[in-house]
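Worksheet: the structure to be examined is printed underneath.
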There are 2 protein chains.
Amino acid sequence: MSQSLDLKSAGLKSTLPRLKVLSLFESGNECHLSAEDVYKKLLAGGEDIGLATVYRVLTQFEQAGLLIRHHFQGDKSVFELNQGKHHDHIVCLQCGVVEEFYDATIESRQKKAAADRGFAMHDHSLYIYADCTKLKCPNNPFKKSLP
Amino acid sequence: MSQSLDLKSAGLKSTLPRLKVLSLFESGNECHLSAEDVYKKLLAGGEDIGLATVYRVLTQFEQAGLLIRHHFQGDKSVFELNQGKHHDHIVCLQCGVVEEFYDATIESRQKKAAADRGFAMHDHSLYIYADCTKLKCPNNPFKKSLP
DNA sequence: AACAATAATGAGAATGATTATCATTCGCAA
DNA sequence: TTGCGAATGATAATCATTCTCATTATTGTT
């Protein structure tokens with residue numbers, strides 16, 4: 001019942017579709033999922049859910065702080081569980097594998113850059129696009145099919 | 001005729017639509033424009049151009065290195081003239097005003113973060129979302145109408 | 001300067017991701 | 001358990017962007 005408590009404290013009713021989506025993120029080691037990914041994974045797992053509901057639930061979870069939304073390549077949103085530890089991302093342009101990192105110096109210099117110019121920083125997004133030099137490609141379950 | 005030289009050296013034929021789009025970016029102080037912005041500004045200026053052409057030309061200019069594409073809020077692309085000086089962006093969440101900055105420390109730590117994890121950095125995008133504390137909002141011609 | 005080969009344009013259709021609509025169903029408090 | 005308001009899901013609609021294809025413009029060559 002821990003999940004339904006999560007939903008309750010987030011101000012959301014505990015419904016089947018929401019529990020299914022939350023389970024997927026909490027159980028999986030595959031952290032960065034698009035709406036389409038979530039939809040297909042649930043269907044593949046025998047669960048029944050509507051695509052519109054997936055989009056709605058993801059947005060609600062984002063607003064409730066349970067998930068974080070990213071725009072890695074600009075086209076579609078991907079979501080990951082918010083585990084309270086802020087981090088930035090390195091995305092391999094060849095295979096799409098995502099690695100997380102945190103650099104305290106970058107964080108503080110960002111805040112200072114904003115403050116120096118009269119801005120109060122709310123949030124920031126930093127994505128490094130790189131080549132994993134084939135070290136990680138073979139193990140990436142979301143490997144892109146290159147054209 | 002300097003513009004048609006720009007296009008030539010970029011490997012692009014010098015056509016009217018391309019010259020119009022390039023002029024808009026080179027003349028304006030309003031640096032960050034979406035395809036829709038470009039289209040509407042040209043029409044408003046009495047120029048005749050098709051929206052499909054605007055999209056095509058912007059993509060060609062990006063590939064030729066004349067423009068840089070950004071995804072500030074994830075929904076639509078915005079473009080700015082590539083003036084050779086890399087920089088990152090601070091975007092005001094209230095009025096949408098954009099300010100550029102460069103921090104050598106952030107740049108080098110990004111490269112190091114990637115290298116330390118076995119990635120060769122190709123590119124990166126860093127956007128700081130902030131509140132300009134009303135200092136700049138009144139002067140922003142692209143001021144957003146807040147809901 | 002006119003020509004032909006070729007690429008570029010523009011109007012509108014098509015696509016892909018996401019959101020809105022609305023009748024039906026579900027969760028929860030009384 | 002019962003009922004009300006919120007949630008769901010199938011589908012239509014929307015938004016940004018890309019594709020199609022007939023027409024037009026550009027450029028190197030006569």
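Just so you know, these numbers use all the heavy atoms, side chains as well, and skip hydrogens, waters and symmetry mates. Values in this document were obtained by computation on a predicted structure and should not be read as measured data.
Spacing between atom CG of Leu16(A) and atom P of dT24(C) amounts to 21 Å, rounded to whole angstrom units. The distance from atom CG of Leu42(A) to atom C1' of dT8(D) is 14 Å, rounded to the nearest whole Å. Glu36(B) places its CD atom 11 Å from the C1' atom of dT17(D), with the value rounded to the nearest Å. Taking atom CG on Leu43(A) and atom P on dT8(D), their separation rounds to 15 Å, with Å as the unit. For Asp75(A) and dT18(D), the CG to C1' distance is 14 Å, given to the nearest whole Å. Between Lys76(B) atom NZ and dT18(D) atom P there is a gap of 13 Å when expressed in whole angstrom units. To the nearest angstrom, C1' of dT17(D) lies 17 Å from NE2 of His71(A). For Ile49(B) and dA8(C), the CD1 to C1' distance is 11 Å, given to the nearest whole Å.
Look at Ser77(B) and you'll find a side-chain N or O under 4.0 angstrom from OP1 or OP2 of dT17(D). Taking side-chain N and O atoms only, Thr53(B) has a distance below 4.0 Å to OP1 or OP2 of dG10(C). Taking only side-chain nitrogens and oxygens, Lys13(B) never comes nearer than 4.0 Å to OP1 or OP2 of dT26(D). For Tyr55(B) and dT17(D), the shortest distance from a side-chain N or O to OP1 or OP2 is below 4.0 Å. Under 4.0 angstrom from either OP1 or OP2 of dA7(C) there lies no side-chain N or O belonging to Thr15(B).
Considering only side-chain atoms of Lys8(A), the nucleotide from dC19(D), dT27(D), dC28(C) that sits closest is dC28(C). Considering only the side chain of Ser14(B), dT27(D) comes nearest among dG10(C), dT11(D), dT27(D). Closest contact between the side chain of Pro17(A) and the listed nucleotides dG9(D), dA17(C), dC28(C) involves dG9(D).
For Thr59(A) and Arg56(A), the side-chain atoms include no donor-acceptor pair closer than 3.5 Å.
A donor-acceptor contact shorter than 3.5 Å links the side chain of Arg18(A) to the backbone of Lys13(A).
By the 30° and 60° cut-offs, the orientation of the rings of Phe72(B) relative to Tyr127(B) is perpendicular. In this structure, His70(A) and His89(A) have perpendicular ring planes: the angle between them is above 60°, well past the 30° mark.
A residue-by-residue look at Gln60(A) and Leu12(B) shows that Gln60(A) has its nearest nucleotide of DNA chain D further toward the 5' end. Toward the 5' end of DNA chain D, the nearer of the two residues Ala35(B) and Gly50(A), judged by each one's closest nucleotide, is Gly50(A). Annotation: of the two residues near DNA chain C, Arg56(B) and Leu51(A), the 5′-most nearest-nucleotide partner is Arg56(B).
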Given side-chain contact (heavy atoms from CB on, under 4.5 Å), test Asp6(A) with Glu26(A) step by step and report yes or no.
-> CA-CA 11 Å; Asp6(A) 285 351; Glu26(A) 285 183 339; 3.1 Å; yes
